[in-house]
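Here is the naming used below: chain letters follow the sequence lines, and residue numbers restart at 1 for every chain. Computation of the quantities below employed the complete heavy-atom set of this structure, encompassing side-chain atoms and omitting hydrogens, waters and symmetry-equivalent molecules.
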There are 2 protein chains.
Amino acid sequence: MENLTELLKGVLEGCVLEIIGRKETYGYEIVKTLNSLGFEDVVEGTVYTILIRLEKNKLVDIEKKPSEKGPPRKFYSLNEAGRHELSLFWEKWGYVSSRLAQLKEDSHV
Amino acid sequence: MENLTELLKGVLEGCVLEIIGRKETYGYEIVKTLNSLGFEDVVEGTVYTILIRLEKNKLVDIEKKPSEKGPPRKFYSLNEAGRHELSLFWEKWGYVSSRLAQLKEDSHV
DNA sequence: TAGTGGTACTAAGTTATACAAAGTAGCATG
DNA sequence: CATGCTACTTTGTATAACTTAGTACCACTA
């Protein structure tokens, strides 16, 4: 799917929160996860800027661990504020998507 | 619902296309329509910038008509390119929302 | 007739987010 | 020692929504 950029604003951050919320993970793996979830064109630069933002907003805890395969990994996990932000995200997403569903539904009645 | 700004990127333009696609209408009325659809905090400044963008991208036809209640209205209708853009929007929206639905579904399995 | 409020459009500047592009660096394999 | 995968960093750009302020038409009323 091409040029989803604008529709992904706000969405990708929510996805990253959700992914981190499931299990402690790191940037490179998150990129691969997003790709496999259907967000195929999401690249590292995008994800790392999101992670830096999450850190700056104190939504995640970070732990550095060595890797067998390359440079050390920075593992992220959600803290309490992060979990709250995640539930807020799903709430907002639910709101917007239900309005859109309604709009679309009305359109072919 | 508070602070949906980022989630609305790309979405509002799609909504405006959809609204215009149903019947010829004008900016002020579009604002009211969006508000009644649940996008309560969307204000004129936002909608008019979208309309100017649609015009610049040649997705709409425009006709100026007098109003009984105020300044003349600029009526917008979708042209062929606009209808195509609208169907593209719904396609993209469907893609993104289905991925999100899947992500959310997986989350509480 | 001055003031208020609803209708209707315009325009300048700000902010937030995704994306592009390039680079640094560790490690394994051939 | 070159290639390729892993893994993180940084700088800059584009886009879209939002903020704020302003112009202007019209009807009603105190």
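- D/dA16 atom P lies 16 Å from atom CD of B/Glu55, rounded to whole Å.
- Without hydrogens or angle criteria, B/Tyr28 side chain to B/Glu44 main chain gives no donor-acceptor distance under 3.5 Å.
- Residues in residues 77-91 of chain A take part in these salt bridge (Lys or Arg N to Asp or Glu O under 4.0 Å) pairs, two or more places apart or across chains: A/Glu80-A/Arg83.
- Of all the heavy atoms in B/Asp41 and B/Asn35, the pair that sits closest is N-ND2, 4.4 Å.
- Separating the NZ atom of A/Lys92 from the C1' atom of D/dA17 is a distance of 14 Å, rounded to the nearest angstrom.
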Salt bridge (Lys or Arg N to Asp or Glu O under 4.0 Å) between A/Glu29 and A/Lys23, intermediate numbers included: CA-CA 11 Å; A/Glu29 191 177 50; A/Lys23 78 176 221 303; 3.2 Å; yes

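- Phosphate contact (OP1/OP2 of D/dC8, side-chain N/O of A/Tyr48, threshold under 4.0 Å): present.
- Rounded to whole Å, the distance from CD1 on B/Ile52 to P on C/dA11 is 6 Å.
- Atom CZ in B/Arg73 sits roughly 8 Å away from atom P in C/dC9 (whole-Å rounding).
- Shown here are the ring-ring contact (aromatic ring centres under 6.0 Å, His included) partners of A/Tyr26, two or more places apart in sequence or in another chain: A/Phe75.
- Put simply, NZ on B/Lys74 is 15 Å from C1' on D/dT23, counting in whole angstrom units.
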For nucleotides 25-30 of chain C, 5' to 3', base contacts (B), sugar-phosphate-only contacts (S) and non-contacts (-) with protein non-hydrogen atoms under 4.0 Å give BBS---

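- For the segment residues 26-39 of chain B, residues with any heavy atom less than 4.0 angstrom from an atom of DNA chain C are, sorted by number, B/Tyr26, B/Gly27, B/Tyr28.
- Between B/Leu7 atom CG and D/dA16 atom P the separation is 16 Å, expressed in whole Å.
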With side-chain contact (heavy atoms from CB on, under 4.5 Å) as the criterion, how do B/Leu100 and A/Cys15 come out once you've worked through the C-alpha distance, each side chain's angles and the decisive distance to 0.1 Å? CA-CA 8 Å; B/Leu100 265 284; A/Cys15 291; 4.1 Å; yes

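- A pairwise comparison of heavy atoms in B/Ser36 and B/Thr33 identifies OG-O, 2.8 Å as the closest pair.
- Looking at A/Leu54 and A/Leu78, their side chains never come closer than 4.5 Å, going by heavy atoms from C-beta outward.
- For B/Lys65 and C/dC9, the NZ to P distance is 13 Å, given to the nearest whole Å.
- For the pair A/Lys74 and A/Tyr76, the NZ or CZ position fails the cation-pi test of under 6.0 Å to the six-membered ring centre and within 45 degrees of the ring normal.
- One can place CG of A/Asn3 at 14 Å from P of D/dA14, the figure rounded to the nearest angstrom.
- Partners of B/Ala101 by side chain to side chain contact (heavy atoms under 4.5 Å, CB included), not counting sequence neighbours: none found.
- Partner of A/Arg73 under the salt bridge (charged side-chain N to carboxylate O under 4.0 Å, His left out) criterion, out of A/Glu68, A/Glu63, A/Glu24: A/Glu68 alone.
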How would nucleotides 14-21 of chain C be written as a contact map, 5' to 3', with B for base contact, S for sugar-phosphate-only contact and - for no contact, using protein heavy atoms under 4.0 Å? --BBSB-B

